[in-house]
Amino acid sequence: MSQKFIMNRFNQEKRRQLYDSQEINKAIVKIAGYINHDYKELNPLLIGVLKGGFVFLADLVRLLDMPLEIDFIQVSSYGRNRESSGRAELILEPQIPVSGRHVLLIEDIVDTGLTTGFAMDYIGKLKPSSAKLCTLIDKPSRRKVEVEIHYCGLEAPDGFLVGYGLDCDEKYRNLPGIYILGG
Ligand code: IMP
């Protein structure tokens, strides 16, 4: 893991690299292996949580070799600052019927667990045959609500992360690595 400090070209905010793209890719290949094994015959419905999960979902699905469908939900929780409001609200519902499907919720990060817990409860109410959670990153030190994670790629310490889909005020989502803001 590189500890290199980089100055942001646009606003000079300091950030420290936590995972580079090779490390991220390795984690995703591992998760994809498990999902290919577990969902081989199940025609899963992958539901990505917008916006942060879009990069992870895009890379993950290209490593999956069974028939599957993809949909999205969006849950608002953080607003434009770095602390969770503690409230979650559904702002985009899935278009594909969830009832009777084997659903895999694809998250970018489980932090306090409030958003993910809310999303999993919401999916559960739509009566899927099964519902499991797959997250690229787990930040266990920040947990406020217990959440069962079935597939997890990487662990992160406390600190605000950006890159690989994760944002701060809608910036940095396009960075290929994952960084901690502030160093
Ligand atoms: P939670 O409800 O605290 O678990 O947070 C879930 C959502 O908050 C994630 O899906 C992210 O969109 C966002 N989030 C949590 N931690 C971070 C972070 O470190 N950087 C960027 N977004 C985060």
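Every number for a ligand or one of its atoms is a count from 1 in the order of the listing.
- For ligand 1, the atoms sitting less than 4.0 Å from at least one non-hydrogen atom of Leu166 are 21 (C), 22 (N), numbered in the order shown with element in parentheses.
- Contacts with ligand 1 closer than 4.0 Å are made by no heavy atom of Lys51, backbone or side chain.
- Only the backbone of Asp167 comes within contact range of ligand 1, with a heavy atom under 4.0 Å; no side-chain atom does.
- Pairs engaging residues 27-37 under the side-chain hydrogen bond (donor to acceptor under 3.5 Å, both in side chains) rule: none recorded [sequence neighbours left out].
- Residue Phe160 has no nitrogen or oxygen atom sitting less than 3.5 Å from a nitrogen or oxygen atom of ligand 1, judged on distance alone.
- For the salt bridge (Lys or Arg N to Asp or Glu O under 4.0 Å) test, no residue two or more places apart in sequence or in another chain qualifies with Glu155.
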One pair to check against salt bridge (Lys or Arg N to Asp or Glu O under 4.0 Å): Arg173 and Glu170. What are the steps and the verdict?
CA-CA 7 Å; Arg173 292 192 197 276; Glu170 296 300 331; 2.9 Å; yes
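- Within the 4.0 Å heavy-atom criterion, the part of Glu107 lying near ligand 1 is the side chain and not the backbone.
- Near Leu114, meaning under 4.0 Å from one of its heavy atoms, ligand 1 places the atoms 2 (O), 4 (O).
- Tyr164 and Asn174 are not linked by any side-chain donor-acceptor pair at a separation below 3.5 angstrom, with hydrogens and angles left out of the test.
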Do Glu69 and Arg101 pass the salt bridge (Lys or Arg N to Asp or Glu O under 4.0 Å) test, and can you show the C-alpha distance, the side-chain angles, and the key distance before you say yes or no?
CA-CA 10 Å; Glu69 284 153 51; Arg101 299 299 304 269; 3.0 Å; yes
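- Under the 4.0 Å criterion applied to side-chain N and carboxylate O atoms, Arg143 and Asp138 are assigned as salt-bridge partners.
- The shortest N/O to N/O separation between Thr116 and ligand 1 does not fall below 3.5 Å.
- Aromatic ring orientation, Tyr151 versus Tyr39: tilted (interplanar angle from 30° to 60°).
- Note on ligand 1: Asp108 sits in its first shell, one or more heavy atoms being nearer than 4.0 Å.
- Some N or O of Leu161 is nearer than 3.5 Å to an N or O of ligand 1, by distance alone.
- Of the heavy atoms in Thr115, both backbone and side-chain atoms come closer than 4.0 Å to ligand 1.
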